[in-house]
Amino acid sequence: MATRRTKKSWWARWVCCLVLWLALLLVVRSAKAQEVQISASVDADRVELGDTVSYSLRVTVSDNAMPSDPAPGRVAGFSVIGADSSPMQMHMNVNGRPSDMNSLVTTWLLRADKVGSFTLGPASATVKGMRRSASVLRVTVVPRGQGGSSRSRSPFDPFANNPLRSLLGTGREPERESLKPTADPKLNIDREPAKIAFLHATVDKTRAVLGEQITLSVYLYADPSVGGFRVADVHEATANDFVKRSLIDDETRTIDLGMALVGSRPWGVKLVRKSALFALKTGRLEIEPMSLAILGFRTEQQRQTEPLHVEVTEPPAVGRPPGYSLGDVGDFALAATVSPRSVEQGGAVGVTLEVRGTGNIPEKLVLPVVEGVEWLDASSQDKLGATQSDRFGGTRTFSYVVRLHKPGAIDLGEVRLPYYDADRRNYSVARASLGIVDVKPGQERSAADPETERLLANLPLLRTTLEGQSTVSYLSDRAWFWALVFGLPIACTSTLGALAMVRKARERRADRTPSPHRVAKARRADAKAACEGSDAKAALGAIVRAIHAVVVAETGVNLRGASTTAARTELAGAGANDAAAKGVLDVLRACEDAQFSPDGVAMASVREIWTRAEDAMARLGNEVD
């Protein structure tokens, strides 16, 4: 009986051990099965012919091993146009026990080439030397226009969160209604120069004159049916024969222009560069291409714009005004400010000249040459950039210090800026009158007495012989010592008195400012003397200055810079009748026509103008009196 119980007990223990061993084996097999997780997905199971679908594989390993070598398997009916893999490592600590998890997400971008129902996969990857496969998937391709199902966003799609997806919009082909051309029809292109994306450059004109603005635009076209991509290795378009100015405030910013037709399909278009070019020489000038690299789908492809050429010629010689500088092309206005209007001889005034407008604003101005007037070097300040209608322009301000060496009422003259208006195809002249500065007589600093001579005067003289020991002597033994003791106070008193007398004399002379009639008389004498000479240009200028001085003296009206209508109104208000005012203005207009005549002017004509001027000035004086 005891033996039978012992056998039953042993058999029960053996069965329990077997059951426990089987359970442990199942747990181990289940754990090993859980070490590798592999799955596949598509973002759409029904698409139209020509559309794209994202086919994704995700492999996760609960170990230090990293999956590798992903493959899509069978993709009959589709073309692989891109692929992207994203490995990921995670280090975790659960209840004090460290663990690792490695994942690999691979997405293939497929384009539907045939109509029908197709099996994709199985996609697979290598884990610890073994090939692991996911389940197969089915995708149906229908003809165009029959409509595919709405796309579900795959959590494994690497293109879904691409930071540069804005280059393409969504990264997948948009809905049909969004693929309508919305950009300027001028951006349409007959054929596709490249796949995925390409650059295109244009200029607003292929023929221009020297200094005329040429607008260069660079566009980036992107195929909306292709996933996102990155841009790298950007090389700007170089134009060595041009001055290049950007018309976009931030050159890293792109401007979305909508959809344009490339061939028969809409493509996204962005403006990436816009620049104003000003030619530096004439001839057939080249604008070199802009280039960049397109990165994506494990490929790197170079893209560049077309090389462009512009024919540049000089502006027409017919009608070109005197003093015109090649390259001064645009639409300009000139304004001047002079301060102060009264200085002592040898003093200086500040002159500010502001050039405002659009185009190739000049970097320097031609200044009037007047006797006794010295123009020092200028400083400039620019406020330039893009204006309306994509024109480059703004203001450039020149600041001068002008030293006056000659006393009297000094007329600083007029600053002229001849320029060519490329839009109107004619020449114009911007003018600014500087007016008269009253220079009071004074002692001007001599140029022959520099600061260095003052310093060298205190140095000892050069020794030519050796000297022995001198005998001891005292100052009180010398006669000149006592002369200084008694004579120095007398000399100081006499000097102070003389300086006071000189100062009072200067003040009296300063109070005697030349009257306008004295200035007018001097100007008429200068004009008469100039008309007796042989320099026609100088004589015309003297006549103009004489007329302006006489008008100021008789009426108090300054005609410089005033239009004809405004001048007649001011003269009438000052007491001059219309006939006298018309006579003065007619003579001034005749002088200006003669000064800028391309054929020159003869002295006989100048003397005839002077005769008319004397008659007009006399009539003006009689009318005002």
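A distance of 13.0 Å separates CD1 in Ile214 from NZ in Lys244, rounded to the nearest 0.5 Å. Atom CG of residue Leu280 and atom CG of residue Asn360 lie 8.5 Å apart, to the nearest 0.5 angstrom. Between atom CG of residue Leu187 and atom CE of residue Met259 there is a gap of 12.0 Å, rounded to the nearest 0.5 Å. For the atom pair Arg503 CZ and Leu499 CG, the distance stands at 7.5 Å (nearest 0.5 Å). In this structure, the separation between CD1 on Ile287 and OG1 on Thr305 is 9.5 Å, given to the nearest 0.5 Å. Here the CD1-OH distance, from Ile361 to Tyr419, works out to 12.0 Å after rounding to the nearest 0.5 Å.
Counting heavy atoms of neighbouring residues, nucleotides and ligands inside a 6.0 Å radius, atom NZ of Lys537 exceeds 12 of them. Open room surrounds CZ on Arg424; 12 or fewer heavy atoms of other groups in view lie less than 6.0 Å from it. Counting non-hydrogen atoms of neighbouring residues, nucleotides and ligands closer than 6.0 angstrom, the NZ atom of Lys528 reaches no more than 12 such neighbours.
Counting all heavy atoms, side chain and backbone alike, Ala549 lies closest to Arg523 at CB-CG, 3.6 Å. Between Ile547 and Ala613 the shortest heavy-atom distance is CD1-CB, 4.0 Å. Shortest non-hydrogen contact noted between Ala616 and Val587 is CB-CG2, 4.3 Å. The minimum heavy-atom distance between Leu277 and Phe242, with the atom names listed, is CB-CD2, 3.8 Å. Scanning both residues, Pro362 and Val355, for their nearest heavy atoms gives CD-CG1, 4.5 Å.
A side chain to side chain donor-acceptor pair (under 3.5 Å) check over residues 347-357, counting only residues at least two apart or in different chains, returns the pairs Glu354-Arg356.
Ring geometry, Tyr400 versus Phe398: the interplanar angle falls under 30°, so the pair is classed parallel (tilted spans 30 to 60°).
Side chain of Arg524 to backbone of Lys521: no donor-acceptor contact under 3.5 angstrom is found. Judged by distance alone, the side chain of Arg396 and the main-chain N or O of Lys383 form no donor-acceptor pair under 3.5 Å.
Contact annotation: the side chain of Leu353 never approaches that of Thr397 to less than 4.5 Å [non-hydrogen atoms, C-beta and beyond]. No side-chain heavy atom of Thr395 sits under 4.5 Å from any side-chain heavy atom of Leu384. Ile543 has its side chain out of reach of Leu588: every pair of non-hydrogen atoms, C-beta onward, lies at least 4.5 Å apart. The shortest distance between side-chain heavy atoms of Leu412 and Ile436 does not fall below 4.5 Å. For the pair Tyr219 and Arg273, the minimum side-chain heavy-atom distance is 4.5 Å or more. Between Val262 and Phe198, the closest side-chain pair of non-hydrogen atoms falls below 4.5 Å. Using a 4.5 Å heavy-atom threshold, the side chains of Ser275 and Leu247 count as separate. You'll find the side chain of Met617 stays beyond 4.5 Å of the side chain of Val584, heavy atoms only.
Between Glu344 and Lys440 there is no salt bridge, since no side-chain N of the basic residue sits under 4.0 Å from a carboxylate O of the acidic one. Look at Asp390 and Lys274 and you find a salt bridge, because one of the NZ, NE, NH1 or NH2 atoms lies within 4.0 Å of a carboxylate O, short of that distance. Under 4.0 Å is where a charged nitrogen must lie from a carboxylate oxygen, and between Asp586 and Arg589 at least one such pair does.
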*Yes or no on side-chain contact (heavy atoms from CB on, under 4.5 Å) for Val437 and Val338, after CA distance, side-chain angles and deciding distance?*
CA-CA 9 Å; Val437 177; Val338 180; 4.2 Å; yes

_side-chain contact (heavy atoms from CB on, under 4.5 Å) for Glu414 and Arg416? Distances and angles first, verdict last._
CA-CA 6 Å; Glu414 182 182 57; Arg416 301 173 64 253; 3.8 Å; yes

*Taking it one step at a time, do Glu288 and Thr238 satisfy side-chain hydrogen bond (donor to acceptor under 3.5 Å, both in side chains)?*
CA-CA 5 Å; Glu288 297 183 4; Thr238 57; 2.7 Å; yes

_If you apply the rule side-chain contact (heavy atoms from CB on, under 4.5 Å), what do you find for Lys270 with Ile255, and how did you get there?_
CA-CA 5 Å; Lys270 287 184 178 291; Ile255 301 175; over 6 Å; no

*Kindly indicate, with the supporting measurements, whether the criterion side-chain contact (heavy atoms from CB on, under 4.5 Å) is fulfilled by Tyr221 and Ile189.*
CA-CA 10 Å; Tyr221 288 71; Ile189 298 179; 3.7 Å; yes

In residues 318-337, what donor-acceptor pairs under 3.5 Å come from side-chain atoms, sequence neighbours left out?
residue : atom : partner : partner atom : Å
Arg320  : NE   : Tyr427  : OH           : 3.2
Arg320  : NH2  : Pro315  : O            : 2.7
Tyr324  : OH   : Asp328  : O            : 3.4

Distance-only check: which donor-acceptor pairs under 3.5 Å involve side-chain atoms of residues 199-211, not counting sequence neighbours?
residue : atom : partner : partner atom : Å
His200  : ND1  : Glu306  : OE2          : 2.6
Asp204  : OD1  : Thr215  : N            : 2.9
Lys205  : NZ   : Gln213  : O            : 3.0

Using atom types as modelled, flag every donor-acceptor pair under 3.5 Å from a side chain in residues 600-610 to any protein atom, sequence neighbours excluded.
residue : atom : partner : partner atom : Å
Arg607  : NE   : Cys531  : O            : 2.9
Arg607  : NH2  : Gly533  : O            : 3.2
Trp610  : NE1  : Glu614  : OE2          : 3.3

Under 3.5 Å donor-acceptor pairs involving side-chain atoms of residues 363-381, not counting sequence neighbours:
residue : atom : partner : partner atom : Å
Glu374  : OE1  : His405  : NE2          : 2.8
Trp375  : NE1  : Pro368  : O            : 3.4

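The side-chain hydrogen bond (donor to acceptor under 3.5 Å, both in side chains) search around Asp423 returns Arg391, not counting sequence neighbours.
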